[in-house]
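Here the structure comes first, spelled out in structure tokens, and everything after it is commentary.
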Amino acid sequence: MKKIALFWLTLLLMGVLVGCKEGINAVIKEKEPGVVRDYAVNSNNIVMNKAGNTIYIANIDVNTVTIVDSQTKKVKAEIPVGKSPVQLTLSPDENSLYVSCRYENKIDILSIEKEKVVDSLDIGIEPYGLVTSQDGKKLYVANYRSSTLSVIDLTNKKVESEIKVGDRPRTLAITEDGDKLYVPHYLDAKISVINTETEKISKVISLADSPDNNDRKKSQGIPNTLEQFVIAPDGKKAWIPHLLTNVDTPVHFQETIFPAISVIDLTTDEELVDERKELFEEINITDKKNDTIITSNPYDVVFHPNGNKAYVVMSGSEDLVVFDLKRGGNATQILRRIEGNNPRGAVISPDGETVYVNNAMSHDLAEISTGGNSPYARAKMKGDNLELISKDPLSPLVREGKTIFYSANSDEFATGITGNNWMSCISCHADGETNGLTLMTPKGPREVPSNVLTTKTGLFMWDGSRDDFTDYILTVQGEMGGMMEFDPGKPLPNDVEHMYDAMFAYLDDPDSFPVPKSPYRNKDGSLTSTAEDGRKLFEGKAGCMSCHAGAQFTDSVKAIDEKGHLTTNNTNYLHDIGTTNPLDKPSKGNARQGFTNPRDTLHFDVPTLRGVWASAPYFHDGSANTIEEVIKRLRYKGKPEFTDGEILKIAEYVRSIE
């Protein structure tokens with residue numbers, strides 16, 4: 001009996017010890033740190049895992065994410081996500097993919113193993129760039145319309161703090177050590193540097209203007225539309241692709257818009273102005289005629305893993321520009337063209353042999369061979385593009401119009417939308433809306449208007465001198481250098497007219513440019529009490545409804561003829577509100593209207609107020625920076641005197657109009 005009892009006691013002790021060991025192992029496993037990333041990353045519309053065998057692509061207007069096996073060159077899955085997925089980032093352990101769904105104000109979380117969305121996070125207005133902390137415990141999200149950076153605790157999946165940053169934060173990048181976040185502001189050419197420990201802005205970097213040049217066709221102007229922030233492999237520098245816009249001379253395709261890539265020293269967080277890459281200088285590859293090859297709309301950068309070369313995607317002209325960083329840092333090759341439409345993002349294989357490019361309009365993946373490590377290697381297209389989507393939700397006409405709108409490829413369509421690949425429509429209408437700048441025109445200074453609701457708000461142009469979208473051939477010829485072979489006073493060929501029909505269809509599609517949600521409203525979307533008081537003043541004492549009436553808050557839609565057709569001949573809805581500029585010049589009209597539409601320097605078209613908070617500066621000449629300034633400067637018959645408090649209330653309401 002003693003032996004039997006001893007046997008059972010031994011088994012019991014062994015069970016206890018085994019149980020303790022399993023418990024200890026469980027505790028140890030629980031306390032084991034997760035994967036800590038040891039390299040810098042930036043948010044993008046295309047990302048690759050560390051092994052280089054899988055690529056993830058955000059299909060921006062299809063509302064899906066495609067997973068591609070880079071070894072087999074096949075699509076593994078196409079996963080539905082929220083509306084307008086713009087950028088992606090992988091968790092450090094590469095088990096999760098985070099997707100910013102811009103027009104649903106949320107982040108979708110995809111399980112890599114399950115290949116589906118497993119969770120979603122509500123976030124600020126129009127989330128864009130996103131990256132995790134290096135230990136994967138936090139997610140940082142740039143909210144484009146809220147002008148904030150959300151810090152999300154991924155353990156409980158809640159926003160733990162909001163950091164106020166500059167206007168229109170776009171993409172994001174985090175350093176190798178995880179100590180700093182870089183947040184470019186899309187339009188004002190500034191970058192907020194955030195200390196991740198204190199969660200405060202430690203510095204704001206301002207990109208320098210490129211000084212005026214005696215030769216107007218050489219790069220110069222104000223930096224804007226910062227598309228990316230990409231840190232080099234050694235972690236010492238970052239490259240920012242953007243545009244330069246020259247506002248000092250009359251707008252002209254060869255003298256107004258220039259591509260550029262700025263370089264930031266990440267040790268001092270200062271721009272290395274002398275290292276900026278500009279057209280005709282550091283970007284100066286010539287063709288067979290010894291003319292500089294023009295490229296446009298730089299969008300993304302990838303560095304060779306050894307740091308010897310950089311590859312810049314030019315989304316407008318649809319080129320790849322190769323820079324040799326060991327031989328002066330200048331461009332040494334332009335691969336013209338990348339197959340597909342509107343290349344916007346790129347990744348490079350770990351061995352540096354292949355660059356993969358995401359074409360945002362044709363929704364396919366282009367493969368480019370870098371040619372190897374030799375300094376004399378030449379990049380070239382490699383095989384056929386891989387289709388990324390099963391079905392395009394846009395109609396063929398809308399897709400065609402959108403492709404034209406984003407393109408500066410002078411060879412692709414029935415006729416060139418621009419001269420010699422210089423610029424696309426979005427070169428001025430950044431992101432389809434406004435670049436926030438005022439350009440000089442033959443009629444005087446003109447603020448670049450937004451395309452939000454542009455097809456639904458009556459006459460076109462600040463002076464209401466156009467009543468048909470095809471009239472924009474005047475802009476294409478006069479400002480973009482395209483379609484020069486046609487007489488604007490005569491009917492256009494059917495295939496050229498079709499291009500305008502397609503672009504109109506794109507602009508008219510309600511999903512193309514949604515009215516921006518206002519960050520000035522309460523969280524539930526209602527008006528604040530101040531804005532509600534402002535609404536009463538707006539509709540009452542101020543008399544704003546006499547011009548800003550109806551569903552679109554403009555009376556321009558009433559400029560019709562006896563048959564109900566919009567017409568430039570009806571000038572009853574052009575108004576003199578005391579905003580004429582000394583540089584304004586009268587016009588005798590244009591050939592499209594048979595010169596029956598002369599315009600003076602006093603009367604202007606009434607812009608919509610829907611989403612107007614996001615379209616500063618204001619007035620036709622961009623001379624007012626705030627809504628308050630607009631209210632103070634307006635001059636119209638019967639305008640009452642307002643107290644400062646009333647001005648504040650009206651402005652708060654106007655900023656809340658959606």
Side-chain angles (χ1 to χ4, degrees), residues 39-48 52 55 57 70 171 173 226-242 259-264 275-279 281-285 293-340 342-360 364-383 385-386 409 421:
Y39 51 93
V41 296
N42 59 275
S43 182
N44 207 340
N45 53 66
I46 177 172
V47 296
M48 175 183 275
I55 302 170
I57 302 104
S70 63
T171 189
L226 279 56
E227 297 291 359
Q228 267 296 0
F229 190 100
V230 183
I231 298 174
D234 63 7
K236 295 179 180 179
K237 296 178 182 179
W239 283 27
I240 306 172
H242 61 86
I261 300 101
S262 289
V263 181
I264 305 296
E275 292 192 24
R276 179 177 287 177
K277 318 300 178 186
E278 295 184 356
L279 192 64
E281 296 294 339
E282 295 77 13
I283 308 173
N284 194 27
I285 305 296
I293 298 174
I294 307 301
T295 61
S296 54
N297 301 103
Y299 207 100
D300 197 13
V301 180
V302 289
F303 291 96
H304 193 284
N306 64 19
N308 288 345
K309 291 187 178 181
Y311 305 87
V312 178
V313 171
M314 299 287 180
S315 65
S317 56
E318 301 180 338
D319 305 318
L320 186 76
V321 182
V322 184
F323 293 85
D324 191 322
L325 306 186
K326 296 300 181 181
R327 294 190 298 161
N330 293 350
T332 54
Q333 182 194 357
I334 294 177
L335 174 63
R336 171 157 284 185
R337 319 268 183 183
I338 298 172
E339 293 295 329
N342 194 220
R344 286 204 206 174
V347 291
I348 191 167
S349 58
D351 61 9
E353 294 289 327
T354 307
V355 174
Y356 299 92
V357 179
N358 174 29
N359 289 311
D364 50 34
L365 189 69
E367 190 176 359
I368 300 171
S369 169
T370 63
N373 292 327
S374 167
Y376 303 101
R378 305 287 289 176
K380 62 181 179 179
M381 293 299 305
K382 182 180 176 183
N385 286 9
L386 176 67
N409 185 333
N421 311 283

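Taking OG1 from T354 and CD1 from I348, the interatomic distance works out to 8.0 Å, rounded to the nearest 0.5 Å. Between atom CG of residue N308 and atom CG of residue D324 there is a gap of 7.0 Å, rounded to the nearest 0.5 Å. The CG atom of N342 lies 13.5 Å from the CE atom of M314; values are rounded to the nearest 0.5 Å. Between the CD1 atom of I285 and the CD atom of Q333 there is a distance of 8.0 Å, given to the nearest 0.5 Å. Atom-to-atom distance recorded for L279:CG and I294:CD1 is 4.5 Å, nearest 0.5 angstrom. The line from CG of N358 to CD1 of I46 is 5.5 Å long, rounded to the nearest 0.5 Å.
Judged by distance alone, with hydrogens and angles left aside, the side-chain atoms of S315 form no donor-acceptor pair with the main-chain N or O of R344 at under 3.5 Å. Of the possible donor and acceptor atoms, none in the side chain of S369 sits under 3.5 Å from a partner among the backbone N and O of K380. Proximity of a side-chain donor or acceptor of T370 to a complementary backbone N or O of E353 within less than 3.5 Å is detected.
Residue pairs satisfying the ring-ring contact (aromatic ring centres under 6.0 Å, His included) criterion with at least one member in residues 300-320, sequence neighbours excluded, are listed as follows: W239-F303.
Remark: N330 pairs with no residue by the side-chain hydrogen bond (donor to acceptor under 3.5 Å, both in side chains) rule, at least two apart or across chains. Residues passing the side-chain hydrogen bond (donor to acceptor under 3.5 Å, both in side chains) test with S349 are D351, sequence neighbours excluded. E281 meets the side chain to side chain contact (heavy atoms under 4.5 Å, CB included) test with no other residue; sequence neighbours excluded. Under the side-chain hydrogen bond (donor to acceptor under 3.5 Å, both in side chains) criterion, N297 pairs with S424, S427, sequence neighbours left out. For N44, the side-chain hydrogen bond (donor to acceptor under 3.5 Å, both in side chains) partners two or more places apart in sequence, or in a different chain, are Q228, D300.
Summarising the geometry of E339 relative to N359, their closest heavy-atom pair is O-ND2, 2.8 Å, with the distance given to 0.1 Å. Residues A377 and G372 come closest through the heavy atom pair CB-O, 3.7 Å. Nearest heavy atoms, V313 versus P343: CG1-O, 3.2 Å. The two atoms that bring G307 and L325 nearest to each other are O-CD1, 3.5 Å, heavy atoms only. A pairwise comparison of heavy atoms in S296 and N421 identifies OG-O, 3.0 Å as the closest pair. Looking at every heavy atom in both residues, V321 comes nearest to A331 through CG1-CB, 3.7 Å.
Checking T295, V312, I338, V302 one by one against L320, the side chain to side chain contact (heavy atoms under 4.5 Å, CB included) holds for a single residue, I338. Across N42, T171, I240, I261, a single residue satisfies side chain to side chain contact (heavy atoms under 4.5 Å, CB included) together with V230, and that is N42. The residue from K277, R276, E278 that alone fulfils the side-chain hydrogen bond (donor to acceptor under 3.5 Å, both in side chains) condition with S262 is R276.
Within the 4.5 Å cutoff, the side chain of Y376 has no heavy atoms near those of the T332 side chain. Proximity of P375 to R327: side-chain heavy atoms (C-beta onward) are separated by under 4.5 Å at one or more points.
A salt bridge is defined here as a Lys NZ or Arg NE, NH1 or NH2 lying under 4.0 Å from an Asp or Glu carboxylate O, and E367 with K382 meets this definition.
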